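What follows is a set of notes on a single structure, which appears directly below.
Quick caveat, the model's predicted, so the values are computed rather than measured. We count residues from 1, following the sequence as given.
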Amino acid sequence: MRLAFIGTGSMGSALLAGVIAGGCDPADIIATTHSAASARALAAEHGIRTIAVAEDSAANRRAASGADYVFLGVKPWAIKDTAAEVGAELGAEAVLVSMAAGITLEQLAASAGHEAVVRIMPNTPSRIGCGVISVSPAEAVAAAQVAPLTALLAGAGQVFELDEELIPAMTGISGSGVAYFFLLAEEMVRAGTAMGLDAETAAAMVVKTAEGAGRLLAADPDPAALRQAVTSKGGTTHAAITTFQDAGFAALVERAAQAAGQRAIAMAEEY
């Protein structure tokens with residue numbers, strides 16, 4: 001199974017790393033990047049063949065030619081043009097896979113002139129095999145084409161097959177959601193230093209706290225029960241949780257997730 005990664009930026013490279021870690025042979029992968037330097041770095045890191053668009057204007061077309069699955073990792077504003085560029089190189093059984101927020105299956109198929117298109121939404125922990133990846137195939141994509149793709153992506157994390165209309169929800173809680181945890185960690189470090197800890201110690205404490213909480217949640221996926229287990233009435237945790245709740249934390253999280261999802265919908269109209 002030959003794979004092509006077109007435009008291997010931060011998300012594309014994260015998914016690429018996860019796919020290889022999951023057992024995909026690097027010899028079966030070709031990738032394009034903009035600059036020669038980034039192409040060399042990607043080749044050195046993963047042992048794959050790379051082509052720089054800056055050195056070869058036909059790089060994307062060459063990479064897509066003969067590939068079974070072509071992953072588009074360019075920015076959303078460039079997806080339609082890139083899909084049109086590589087569309088003519090796609091074989092009849094090839095599947096074009098977009099990881100861009102906001103670009104619909106209909107828009108993708110029309111741009112590429114190719115009906116077998118799939119939208120995926122990975123997040124950055126895919127790099128270490130702990131990602132969340134949604135898969136939304138067009139009707140023209142056969143189950144026999146979706147199954148190998150799902151198995152391939154499973155090396156990068158947990159895969160969820162979703163109807164396209166649910167992608168904004170996935171974006172709001174998982175695609176963008178990783179950054180919410182990073183923001184909380186960032187502010188916890190800041191709070192720790194404000195209370196007298198040095199920055200290095202505060203950061204180490206927050207990292208280990210996040211790791212421990214994640215592992216507990218993975219073992220027992222009931223966040224409410226886990227929270228209640230450490231929230232004794234009148235205790236220190238209760239004081240903190242009450243502060244969050246009094247400030248409207250639940251509503252704020254929902255508003256943030258909705259904002260991310262609505263932005264994904266709006267992008268389809270902009271691009």
Side-chain angles (χ1 to χ4, degrees), residues 1-100 103 108 111-114 116-131 133 135 141 144-157 159:
M1 184 165 57
R2 187 162 178 264
L3 311 179
F5 283 78
I6 307 298
T8 315
S10 59
M11 187 62 72
S13 61
L15 187 64
L16 171 63
V19 165
I20 292 174
C24 186
D25 188 347
D28 294 329
I29 300 174
I30 184 170
T32 68
T33 67
H34 178 71
S35 70
S38 60
R40 286 193 298 270
L42 198 64
E45 181 179 3
H46 298 296
I48 63 173
R49 182 186 174 200
T50 60
I51 315 174
V53 174
E55 293 185 327
D56 182 353
S57 61
N60 291 337
R61 296 191 298 275
R62 288 177 55 199
S65 180
D68 298 298
Y69 293 90
V70 178
F71 293 85
L72 298 181
V74 298
K75 298 295 184 183
W77 59 264
I79 281 286
K80 290 182 180 179
D81 287 344
T82 307
E85 179 186 10
V86 304
E89 304 297 331
L90 300 175
E93 299 300 318
V95 177
L96 185 63
V97 183
S98 169
M99 59 186 81
I103 308 302
L108 186 63
S111 297
H114 188 79
V117 296
V118 176
R119 290 182 63 188
I120 66 171
M121 184 58 61
N123 60 11
T124 52
S126 298
R127 178 182 297 277
I128 58 172
C130 292
I133 308 108
V135 175
V141 183
Q145 293 171 302
V146 176
L149 176 62
T150 300
L152 183 72
L153 295 174
V159 180

Out of curiosity, [X] [atom1] to [Y] [atom2], how far, rounded to the nearest 0.5 Å?
X	Y	atom1	atom2	value
R119	I79	CZ	CD1	10.0 Å
L90	Y69	CG	OH	13.0 Å
T150	L153	OG1	CG	6.5 Å
M11	L16	CE	CG	13.0 Å
I103	L72	CD1	CG	10.5 Å

**Request:** Only one of L108, V95, L96 passes side-chain contact (heavy atoms from CB on, under 4.5 Å) with V118; say which it is.
**Result:** V95

Contact between [X] and [Y] at the side-chain level, heavy atoms closer than 4.5 Å - yes or no?
X	Y	value
I30	R62	no
F5	I29	yes
I6	V70	yes
M99	P122	yes

Please name the pair of heavy atoms, one in [X] and one in [Y], separated by the smallest distance, quoted to 0.1 Å.
X	Y	value
A94	A116	O-CB, 3.5 Å
E85	N60	OE1-ND2, 3.2 Å
T8	A31	OG1-CB, 3.5 Å
A63	T32	CB-CG2, 3.7 Å
Q145	E93	NE2-O, 3.0 Å
E89	R61	CG-O, 3.6 Å

**S126 side-chain N/O to L15 backbone N/O, donor-acceptor pair under 3.5 Å** = no

**Prompt:** Checking N123 side chain against G131 main chain: does a donor-acceptor pair fall under 3.5 Å?
**Reply:**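 Absent.
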
**Request:** Kindly indicate, with the supporting measurements, whether the criterion side chain to side chain contact (heavy atoms under 4.5 Å, CB included) is fulfilled by R40 and T50.
**Result:** CA-CA 7 Å; R40 286 193 298 270; T50 60; over 6 Å; no

**Check against side chain to side chain contact (heavy atoms under 4.5 Å, CB included), L3 and L152** = CA-CA 10 Å; L3 311 179; L152 183 72; 3.6 Å; yes

**Verdict with supporting geometry, I133 and M121, side chain to side chain contact (heavy atoms under 4.5 Å, CB included)** = CA-CA 5 Å; I133 308 108; M121 184 58 61; over 6 Å; no

**Request:** Check the pair I20 / I48 against side chain to side chain contact (heavy atoms under 4.5 Å, CB included), numbers first and verdict last.
**Result:** CA-CA 10 Å; I20 292 174; I48 63 173; 4.0 Å; yes

**Residue pair R127 / S13, side-chain donor-acceptor N/O under 3.5 Å** = yes

